[in-house]
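Step one of this worksheet: look at the structure below.
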Amino acid sequence: MNVATIASIRQVPLLEFGRGCLDKVAASFSGEKPETVLFIAAKSAANAVQRLTHALSSAGHKVVHVDGLPAEPAVGDFESVRTRARPVNPTAVIGIGGGSVLDVAKLVAALHDSDQSIEDCFGTGKLMGRRARLVCLPTTAGAGSEVSPNAILLDRAARLKRAVISPHLVPDSTYVDSSLCDSAPPGLTAATGLDALCHCIEAYVNRYATRLTDAWALEGVRRISGSLRRAVACGSDAVARDELSLGSLLGGLCLGPVNTTAVHALSYPLGSEHGLPHGVANALLLGPVASFNLEHAVDRYAEVASAMGVAPRSSPRESAEAGIVAIRSLCHDVLGSIRLRDWGISEAHLPGLAASGLTVTRLLDRNVRQVTLEDAIAIYRSVL
Ligand SMILES: NC(=O)c1ccc[n+]([C@@H]2O[C@H](COP(=O)([O-])OP(=O)(O)OC[C@H]3O[C@@H](n4cnc5c(N)ncnc54)[C@H](O)[C@@H]3O)[C@@H](O)[C@H]2O)c1
Ligand SMILES: [Fe+2]
């Protein structure tokens, strides 16, 4: 596999990391003019929102709240928040939540005062700009949306997840305070942590891999695989939560420059057509896609194995295979034994799912091995 020597990165100008950094948000609103701040927040973040609201209101800023967004938001959910945001005309949008909330906050910040339709923004580089300041605080250690240029919405009519990818969606400031994740129950911690692991592995085993993103991705694999079981078993383990948030951040940093591959491409229809949570759908496919890709990236999977703490075997191939076993065990240990049939998916659904997955060419083009319709069906069948 070739590794590019040039990496092109557009990043968050202010990135604060560490437990307690939430307390630094209000101080960043210390300009001369009072601001109109729109909070788009997950319910689980109510305490943090209350504290920030108090601090910002006391400093003379106007604060307006939007909550009640569903997980894995659809175009209509975004439109409803955009409609509520228009008369508010915020100068700043603060998103506090998982990937679902952050993606909507990013799009609302860019589009609440714009005539551009969301339809015109889907794709890469189509969003025309953003005037409002955008601040993001993740409450899951998973999606990496807090540093990525991506926002994903479900298109119910097309039964597809569609992406807006634009440098205007990279926040102005991001605060990764893992204490915001402490309330995440074990199932959510597991699914989101495995999503982050996918971001790292898919960035590393990727036709567009770069040396810079390789460094982030392998470190992310190390941090996530070393902490996920502990964070799932004991949600109040602050060290494990912090490690997981760091791994997730590192995976998120890879999303802009290299993005994901076949795991995410084939997982999208599982979410859009059958309601599997994003992280669960990815976790189901991570092992099977690694086995499918193995011949085309033996050395890369051997490095992933090493980052997961797997002792080297007598050949890179054997190390890589042991790494895939480790990936499968980690998924099993934190999520249990799950299969597609648990979501009512049967053999008859597979050709449709595969056809849908193959439309996600922006990600499949990055996969180290070409995926045909038959390949995609076989991958789904292996976890039926
Ligand atoms: N923009 C990107 O770069 C990017 C990358 C990957 C995934 N995504 C998108 O992100 C979404 C998934 O995001 P996610 O996996 O972070 O989950 P999520 O935002 O969908 O949240 C899942 C559920 O957990 C709840 N929740 C969130 N934080 C919590 C906490 N600390 N305690 C208790 N409950 C909490 C939410 O309210 C929601 O009900 C999908 O729509 C996916 O397509 C975006
Ligand atoms: Fe993801």
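Every number for a ligand or one of its atoms is a count from 1 in the order of the listing. These numbers come from the heavy atoms of this one structure, side chains and all, not from hydrogens, waters or symmetry mates. It should be emphasised that the depicted structure is a prediction, and the values quoted were computed from it without experimental measurement.
In terms of polar-atom proximity, defined here as any N/O pair under 3.5 Å, Leu180 does make such a contact with ligand 1. Annotation: Lys106 places no N or O atom under 3.5 Å from an N or O atom of ligand 1; distance criterion only. Checked by distance only, ligand 1 and Tyr268 stay at 3.5 Å or farther apart across all their nitrogen or oxygen atoms.
Salt bridge annotation for Arg317-Glu295: present, with a cationic side-chain nitrogen under 4.0 angstrom from a carboxylate oxygen. A salt bridge is absent between Asp242 and Arg19: the closest approach of a Lys/Arg side-chain nitrogen to an acidic carboxylate oxygen does not fall below 4.0 angstrom. Ion pairing of Arg133 with Asp172 is absent here, as no side-chain N (NZ or NE/NH1/NH2) approaches a carboxylate O to less than 4.0 Å. Salt-bridge annotation for Glu303 and Arg300: absent, with no side-chain N of the basic residue lying under 4.0 Å from a carboxylate O of the acidic one. Between Glu72 and Lys161, at least one side-chain nitrogen of the basic residue sits less than 4.0 Å from a carboxylate oxygen of the acidic one, meeting the salt-bridge criterion. Contact check on Asp237 versus Arg230 returns a salt bridge, with a Lys/Arg side-chain nitrogen under 4.0 Å from an Asp/Glu carboxylate oxygen. Salt bridge status for Arg84 with Glu79: absent, with no side-chain N to carboxylate O gap under 4.0 Å. A salt bridge links Glu347 to Arg381: at least one charged side-chain nitrogen sits closer than 4.0 Å to a carboxylate oxygen.
Ranked by closest heavy atom to atom 43 (O) of ligand 1, the top entry among Glu146, Lys161, Arg162, His199 is Lys161. One option in Thr192, Thr139, Ile165, Thr140 has a heavy atom closer to atom 31 (N) of ligand 1 than any other, and that option is Thr139. For the residues Gly99, Ser267, Cys136, Ala151, the heavy atom positioned nearest atom 17 (O) of ligand 1 is part of Gly99.
Counting heavy atoms closer than 4.0 Å to ligand 1, residue Ala143 contributes atoms from both its backbone and its side chain. At a 4.0 Å heavy-atom cut-off, ligand 1 touches Glu72 through backbone and side chain alike.
Here is the list of ligand 1 atoms found below 4.0 Å of a heavy atom in Asn150: 1 (N), 2 (C), 3 (O). Shown in contact with Ser183 at under 4.0 Å from a heavy atom are these atoms of ligand 1, numbered in order with element: 30 (C), 31 (N), 32 (N), 33 (C). Near Ile152, meaning under 4.0 Å from any of its heavy atoms, are these atoms of ligand 1: 43 (O), 44 (C). Those atoms of ligand 1 with a heavy atom of Ser148 less than 4.0 angstrom away are 1 (N), 2 (C), 3 (O). Shown in contact with Ser145 at under 4.0 Å from a heavy atom are these atoms of ligand 1, numbered in order with element: 1 (N), 2 (C), 3 (O). With ligand atoms numbered from 1 in the order given, ligand 1 contributes 16 (O), 19 (O) to contacts under 4.0 Å with heavy atoms of Gly98. Heavy-atom contacts of Leu255 reach the following atoms of ligand 1: 3 (O), 5 (C) (cutoff under 4.0 Å). The ligand atoms of ligand 1 that sit less than 4.0 angstrom from a heavy atom of Asp103 are 1 (N), 2 (C), 8 (N), 9 (C), 44 (C).
Nearest approach of Pro90 to Leu38, heavy atoms of both residues: CB-CB, 3.7 Å. The two residues Arg130 and Val170 come nearest to each other via the heavy atoms NH2-O, 2.9 Å. Of all the heavy atoms in Ile9 and Pro257, the pair that sits closest is CD1-CG, 3.4 Å.
Here the protein heavy atom with the shortest distance to atom 18 (P) of ligand 1 is Ser100 OG, 3.4 Å. Distance from atom 29 (C) of ligand 1 to its nearest protein heavy atom, with residue and atom name: Ser44 OG, 3.2 Å. With hydrogens left out, the protein atom closest to atom 39 (O) of ligand 1 is Ala71 CB, 4.2 Å, a heavy atom. Given atom 37 (O) of ligand 1, the protein heavy atom at minimum distance is Ala42 CB, 4.2 Å. Looking only at heavy atoms of the protein, atom 35 (C) of ligand 1 is closest to Leu188 CD2, 3.4 Å.
Note: His278 and His199 have tilted aromatic rings, judged against thresholds of 30 and 60 degrees for the angle between ring planes.
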Practice task
Decide side chain to side chain contact (heavy atoms under 4.5 Å, CB included) for Ile165 and Arg362; before the verdict, give the C-alpha distance in whole Å, the side-chain angles of both, and the deciding distance to 0.1 Å.
Solution key: CA-CA 11 Å; Ile165 302 177; Arg362 70 185 171 86; 3.7 Å; yes
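A donor-acceptor contact closer than 3.5 angstrom links the side chains of Glu273 and Ser356. Between the side chains of Arg229 and Ser329, no donor-acceptor pair is found at a separation under 3.5 Å. Using modelled atom types and a 3.5 Å distance limit, the side chains of Asn89 and Asp113 yield no donor-acceptor pair.
Among protein atoms, those of element N, O or S found less than 2.8 Å away from the Fe ion (ligand 2) are Asp195 OD1, His199 NE2, His264 NE2, His278 NE2.
Within the structure, ligand 1 has Ala184 among the residues with a heavy atom less than 4.0 angstrom away.
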